[in-house]
Undergrad: 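Below are the structure tokens for one structure; questions will follow.
Everything numeric in this text was worked out from a predicted model, so none of it was measured.
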Amino acid sequence: MRVESRPPHLLRNLIVGLLFLFGLVAFSALYTGGAIASAQSAGGTVPVSNECETEDGGAVRCKMVGRVNAMPNGMMGVWTIGGESFNVTANTEIRQEHGPLAMNACVSVHYTPSANTPYEALLLKTKSNDDCNGNGGDHGGDHDGPQAEAKGAIQAMNVDADLLGVWTVNGVDYTVDAQTIFMDLKSQYTVGACVEIKYDSSTSPYMAYRIKLDNDCNGGGGGDGGGDHGNHESDIKGKIDALPNNADLLGVWTVNGTNYTVDAQTVFMDAKSQYTVGACVEVKYDSSTSPYVAYRIKLDNDCNGNGGGDDGGDHGNHDNEFRGAIESLPPSGLIGTWTVRGTEFNVTANTRLEAEYGAFAPGLCVEIKYDATTTPYTALKIEGKREYECGNSGGGGDGGGDHQGEGELYGMLQSFPAGLIGEWQVGNLTFQADSSTRFEQEHGQFAVGAMVKVEFYTTADGVNHAKEIKVKYEGNGDGGDHGGDHGGSYEGAEGNAYGAIDTFPANLTGDWVIGGLTYTADASTRFEQEHGQFAQGAWVKVKYHQDANGNRIADKIETENGQAGGGQEQFKLVGFVESMPTTGFMGDWSVGGETFVADNRTQFGEEHGLLAVGAYVELKYTLVNGVKTLHEIHTEVPPGAGDVNDVGEIEDMGGPAAADASAVATWRIDGQNYVINDATRLNDGATPLAVGSTVVVNSYTAADGSVVATSVTGIEISHRVFLPLATSR
């Protein structure tokens, strides 16, 4: 539904109130028809257009086109556009595609209507002067041609740097021009991405009015039954035990012994005639209701050999499965020949692609269902898997026999049985311990909140069997000095960061904003300016810990060279995972007290254990309009969680590399070489780390044979004990 109006201010405020009291239908009844007149003069206080429409899921989004009447000193603050007030924050997306944002500039502002002003601006971008003088067309406005919608994967983009040109989506061409509205960051639109397009079906090629990303192009349509369901969206796979006795299948379904309400809003991804008792289905549902409300239901062909469904088609005995890491992909897009673990597969437009654990790229573990009667094999479905399921998560191989995968993880212990035998919850994952499981409590007792390492294998029935569970340290995650050495060791609540200074206090004590994140410097914070003075834009390394409230407290801030931590384009953070998406890897991650967003371009790595709650990770991110987008996130061995502890004297710190602690360097300690990397915790609070210093070093041996230090802690030797030499005759 779209509503256009040009009411006076008081009446417009009344209408906004009615919008929330009586719904958008009442709103449209008050103002219908009537194209909006152009602004009377440059800088006029009358909007050129002001329109609202209902998005999927019922949310209302409005867009106004007008001239800037007033603006703050800088981008953030209250703007007056077309006589109306809008609040521009760090979360507002800002685009200056048609000149700079300035007084009297013609702009469009997207916002969510509310009873209070100023409205919160979602998107602010410049337009051409014609758009404010009545001479320009705007696909976001009144469309004379017939409007239609389509959803599908982008197959080709014959476009310029602004993505203007011809897009091919699901085999159909669409013209994208300067008037097309992009609902997401342009960098997110890539070949293979799923999009929803609103277009004029009377043109050839079709003219795209609006394009936005969508997270479901599998099965040919449907979405997820109403958009974003927040933290209550869950999914389950199982066999149908019971169905309603009606043609529409609306009512209560029982899947794997659990009831789900299926109503008119539930999206069926397959023909209803295929849903029968005994069929295997995947259900996405709202876990906050009772019974659960199903958002989407689709057939699946894998319920441990018990279920029906076959990805929408019956491939008979030719439906086979194969698992391995991707070795190569087609040179352009995803359609063509893939090589997976030495075997070629032909991927077509009908292949169902599910990438919940990262973009399809060489190295990603995948499971392929394929037709073995063709040469090369025809892929029916390709599903991304976690690294350990291809034998790549710090463990080795696939365990042989009926093992599907073997791996390890470092994570927070959430629950465990009193007698140790039974079900353990670690990092939001479940493990089964039995009489063959080895338990080790050398570094602390099993307790909720402790950091543990789990070595496990997964059987074909999906059960994770623990081979070994051992405590690495007792971490409360509250910023306490659990190491007892007061040398800057905060197990489970510490990390490093690398980024450019945004703001900092004049006397250095107070809040620093570095790479878009806030760190508090107090009287105990140490400052080093060896590589230049602190200044806005200067690149620095921060060693931090989190206090009991989750705030990041800076232990040390030091200037670095411009390439430290991954270059000026991407900032880096090392810390512990506090929360992550419940299904797959796409979505919000909380690390070190901050929220980051992973999308279909994010690279994930599980070389040092599974990505899980409590895992120690290194991530690279960019900050655009307040959104921190993950470009890479991979696991590291937590500080102090290595298998070996040694005491020795630093003999060499890598020469010039020692001056840049963020760069990978090799230190020699008591005759042993240690790799020092971005994730290594350098604890120099008690004594400086320098050649000749005595230190405790915790380490592990990497796959390439190198010894990697997880932490290096300076210690003081207060006294020595000399023991007599014993000899034998």
Undergrad: Using distance alone, with no hydrogens and no angle criterion, decide if Asn346 and Thr378 have a side-chain donor and acceptor under 3.5 Å apart.
TA: no

Undergrad: Are more than 12 heavy atoms from other residues, nucleotides or ligands located less than 6.0 Å from atom OH of Tyr189?
TA: yes

Undergrad: Which heavy atom in Phe416 sits nearest to a heavy atom in Leu413, and how many Å separate them?
TA: CD2-CD2, 3.7 Å

Undergrad: Tell me, do Pro638 and Thr710 make a side-chain contact under 4.5 Å, heavy atoms counted?
TA: no

Undergrad: Given side chain to side chain contact (heavy atoms under 4.5 Å, CB included), test Thr266 with Tyr285 step by step and report yes or no.
TA: CA-CA 9 Å; Thr266 304; Tyr285 62 94; over 6 Å; no

Undergrad: So which heavy atom on Leu610 is nearest to which on Ala615, and how close?
TA: O-CB, 3.7 Å

Undergrad: Using salt bridge (Lys or Arg N to Asp or Glu O under 4.0 Å) as the criterion, point out the one residue from Glu618, Glu632, Glu636 that pairs with Lys572.
TA: Glu618

Undergrad: What pair of heavy atoms forms the shortest contact from Ala156 to Val191, and how long is it?
TA: CA-CG2, 4.4 Å

Undergrad: Should Glu455 and Arg438 be marked as a side chain to side chain contact (heavy atoms under 4.5 Å, CB included) after you check the CA-CA gap, both sets of side-chain angles, and the distance that decides it?
TA: CA-CA 10 Å; Glu455 295 183 9; Arg438 299 185 299 274; 4.2 Å; yes

Undergrad: Checking the side chain of Thr339 only, and the main-chain atoms of Ser328 only, is there a donor and an acceptor separated by less than 3.5 Å?
TA: no

Undergrad: Would you sort out whether Leu334 and Leu353 count as a side chain to side chain contact (heavy atoms under 4.5 Å, CB included), showing the intermediate values?
TA: CA-CA 10 Å; Leu334 299 178; Leu353 302 174; 3.8 Å; yes

Undergrad: For Thr430, give me all partners under side chain to side chain contact (heavy atoms under 4.5 Å, CB included), at least two apart in sequence or on another chain.
TA: Glu423, Gln425

Undergrad: Any ion pair linking Lys284 and Glu282 (charged N to carboxylate O, less than 4.0 Å)?
TA: no

Undergrad: Give the C-alpha distance, both sets of side-chain angles, the deciding distance and a yes or no for side chain to side chain donor-acceptor pair (under 3.5 Å) between Glu578 and Ser590.
TA: CA-CA 5 Å; Glu578 295 156 353; Ser590 179; 2.9 Å; yes

Undergrad: Is there a side-chain contact between Ile633 and Phe596 in this structure, where contact means two heavy atoms from C-beta onward sitting under 4.5 Å apart?
TA: no

Undergrad: Going by salt bridge (Lys or Arg N to Asp or Glu O under 4.0 Å), name the pairs with one or both residues in residues 334-351, residues two or more places apart or in two chains.
TA: none

Undergrad: Do Val637 and Val708 come close enough that some side-chain heavy atom pair is under 4.5 Å?
TA: no

Undergrad: Mind checking whether Trp424 and Phe446 have ring centres under 6.0 Å apart?
TA: yes

Undergrad: Before accepting this row, confirm whether a basic side-chain N of the pair Glu321/Lys385 lies closer than 4.0 Å to the acidic partner's carboxylate O.
TA: no

Undergrad: Pick from Tyr388, Tyr700, Tyr616, Tyr410: which one makes a ring pair (Phe, Tyr, Trp, His ring centres under 6.0 Å) with His608?
TA: Tyr700

Undergrad: Give a yes or no answer on whether the side chain of Thr254 reaches the backbone of Ala242 with a donor-acceptor pair at less than 3.5 Å.
TA: no

Undergrad: Would you say Tyr621 and Val591 make side-chain contact, with heavy atoms under 4.5 Å?
TA: no

Undergrad: Counting C-beta onward and ignoring hydrogens, is there a side-chain heavy-atom pair between Val262 and Leu249 closer than 4.5 Å?
TA: no

Undergrad: What pair of heavy atoms forms the shortest contact from Glu389 to Cys365, and how long is it?
TA: C-SG, 3.9 Å

Undergrad: Does the plane of the ring in Phe585 sit parallel, tilted or perpendicular to the ring in Phe604? Use 30° and 60° as the thresholds.
TA: tilted

Undergrad: Parallel under 30°, tilted from 30 to 60°, perpendicular over 60°: which one fits the rings of Phe345 and Tyr370?
TA: perpendicular

Undergrad: Could you tell me the separation between the CD atom of Glu387 and the CD atom of Glu607, rounded to the nearest 0.5 Å?
TA: 8.0 Å

Undergrad: Do Val624 and Thr629 have side-chain heavy atoms sitting under 4.5 Å apart?
TA: no

Undergrad: Indicate yes or no: does Glu367 engage Arg323 in a salt bridge with an N to O separation below 4.0 Å.
TA: yes

Undergrad: One thing to verify: whether Glu468 and Lys453 come together as a salt bridge, which I'm taking to mean a side-chain N less than 4.0 angstrom from a carboxylate O.
TA: no

Undergrad: Could you check whether any side-chain heavy atom of Val340 comes within less than 4.5 Å of a side-chain heavy atom of Val366, counting everything from C-beta outward?
TA: yes

Undergrad: Check Asp173 against Pro205 and note the closest heavy-atom contact, atom names and distance.
TA: O-CB, 3.7 Å

Undergrad: Tell me, with the steps shown, if Ile382 and Thr351 meet side chain to side chain contact (heavy atoms under 4.5 Å, CB included).
TA: CA-CA 7 Å; Ile382 302 179; Thr351 303; 4.1 Å; yes

Undergrad: Specify the closest pair of heavy atoms between Asn259 and Pro291, including all atoms of both residues, with the distance to one decimal.
TA: O-CB, 3.8 Å

Undergrad: Counting only heavy atoms not in Asn245 (residues, nucleotides, ligands), do more than 12 fall under 6.0 Å from its CG?
TA: no

Undergrad: Taking the side chain as everything from C-beta on, heavy atoms only, tell me whether Ile297 gets closer than 4.5 Å to Trp253.
TA: yes

Undergrad: Given 3.5 Å as the limit, does a donor-acceptor pair link the side chain of Glu606 with the main chain of Leu611, or not?
TA: yes

Undergrad: Looking at Asp588 and Lys628, is any side-chain nitrogen of the basic one under 4.0 Å from a carboxylate oxygen of the acidic one?
TA: no

Undergrad: Would you say the side-chain atoms of Thr437 pair up with the backbone N or O of Ala466, donor to acceptor, closer than 3.5 Å?
TA: yes

